[in-house]
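In each ligand, atom 1 is the first atom listed, and ligand 1 is the first ligand listed. Keep in mind that what you see is a predicted model, and the values were worked out from it rather than measured.
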Amino acid sequence: MIIAIDGPAGSGKSTIAKFIAKNLNYRYIDTGAMYRAVAWSAKNEGIDLDDENAVGQWVAELKIEFVANPEGQQVKVNGENTAGLLKNEIVGRGAAKVAAQKRVREILVAKQKEIGQSGNVVMDGRDIGTQVFPNAELKFFMDADAEERGKRRYLELKEKNMNVDLENIIAEVKLRDHEDKTRTISPLHPAEDAIEVDTTKFTIEEVIDQVMKQINLKQNS
Ligand code: DC
């Protein structure tokens, strides 16, 4: 099976996707990490992320690998391990910028199709159920109130002893939602046949339970 999990930042999709992949012994592919990898590596190369032609040329040459490890996955960019380097707000802002560019999306979507074609994969992102695998056997769309998603992000960063402000983080979440939902190419929206899960009032365990029930139903149908 191919299981597509889409949703906005902080909706809980990657936590759930990782858990399901481990549980089913499937591969887990975090497609957001690919957009982040493009932004991070292009910036390191001194490329202006607003220069669509330069970014397009860069992404065409870029080698992105997912290496399975006990934690789920490791992302390598041109052979370099990116552990701990992609999940920050600066790279996130750059990722949102390159994710709105046509060439970047064409190349990354093609790579994602190639990675997933052998099946038994849980892929999370924004357009997996709508563009990458419109025929995926199961599609979930996770969402939660922006305030709740901001709070989750705040607590996560606090735990890492970072100096953060809740109101700022909620504002960033709302800004990212706006960018992801209003861009011209592949804006974030649920596929027509996606199962929508609002995680605002549920614990991770409760969401996992709901999702696993749907998977079991599908497997037994
Ligand atoms: O899920 P994330 O925060 O790591 O994603 C980073 C950015 O990449 C975010 O702005 C949305 C974008 N993205 C996308 O456009 N399509 C995907 N399939 C995955 C992420």
Side chains of Arg152 and Thr15: do they bring a donor and an acceptor to under 3.5 Å? no
Met123, Met34, Arg36, Lys87: member with heavy atom nearest to atom 3 (O) of ligand 1: Arg36
Please could you name the atoms of ligand 1 that Ala96 approaches to less than 4.0 Å, counting only its heavy atoms? 10 (O)
Euclidean distance, Met123 CE relative to Tyr28 OH, rounded to 0.5 Å: 10.5 Å
Could you tell me the residue and atom name of the protein heavy atom closest to atom 1 (O) of ligand 1, and the distance to it rounded to 0.1 Å? Arg126 NH1, 2.8 Å
Do me a favour and list the nearest non-hydrogen protein atom to atom 8 (O) of ligand 1 with residue, atom name and distance? Tyr35 CB, 3.6 Å
What residue and heavy atom of the protein are closest to atom 12 (C) of ligand 1, and at what distance? Ala99 CB, 3.7 Å
Side chain to side chain contact (heavy atoms under 4.5 Å, CB included) for Val59 and Leu108? Distances and angles first, verdict last. CA-CA 8 Å; Val59 71; Leu108 293 191; 4.1 Å; yes
Could you say whether the N/O atoms of Arg183 and ligand 1 ever approach to under 3.5 Å? yes
State whether Lys13 and Asp124 are salt-bridged, where the test is any N-O pair (Lys NZ or Arg NE/NH1/NH2 against Asp/Glu carboxylate O) under 4.0 Å. no
Please confirm whether Arg105 comes under 4.0 Å of ligand 1, counting heavy atoms of the residue only. yes
Working for salt bridge (charged side-chain N to carboxylate O under 4.0 Å, His left out), residues Lys97 and Glu52: CA-CA 10 Å; Lys97 206 172 257 187; Glu52 280 206 45; over 6 Å; no
As an exercise, identify every atom of ligand 1 less than 4.0 angstrom from a heavy atom of Thr31. 17 (C), 18 (N), 19 (C)
Verdict with supporting geometry, Arg103 and Glu106, salt bridge (charged side-chain N to carboxylate O under 4.0 Å, His left out): CA-CA 5 Å; Arg103 188 87 187 108; Glu106 278 170 3; 3.2 Å; yes
Identify, by atom number and element, the atoms of ligand 1 in contact range of Arg176, meaning under 4.0 Å from any of its heavy atoms. 3 (O), 9 (C), 10 (O)
Before giving the answer on salt bridge (charged side-chain N to carboxylate O under 4.0 Å, His left out), spell out for Arg93 and Glu179 the whole-Å C-alpha distance, their side-chain angles and the decisive distance to 0.1 Å. CA-CA 10 Å; Arg93 302 236 12 95; Glu179 285 168 346; 2.9 Å; yes
Does any N or O of ligand 1 fall below 3.5 Å from an N or O anywhere on Asp180, backbone included? yes
I need the minimum non-hydrogen distance between Ile2 and Gly116, along with the two atoms involved. CD1-O, 3.6 Å
Closest approach of any protein heavy atom to atom 7 (C) of ligand 1, naming residue and atom: Ala95 CB, 3.7 Å
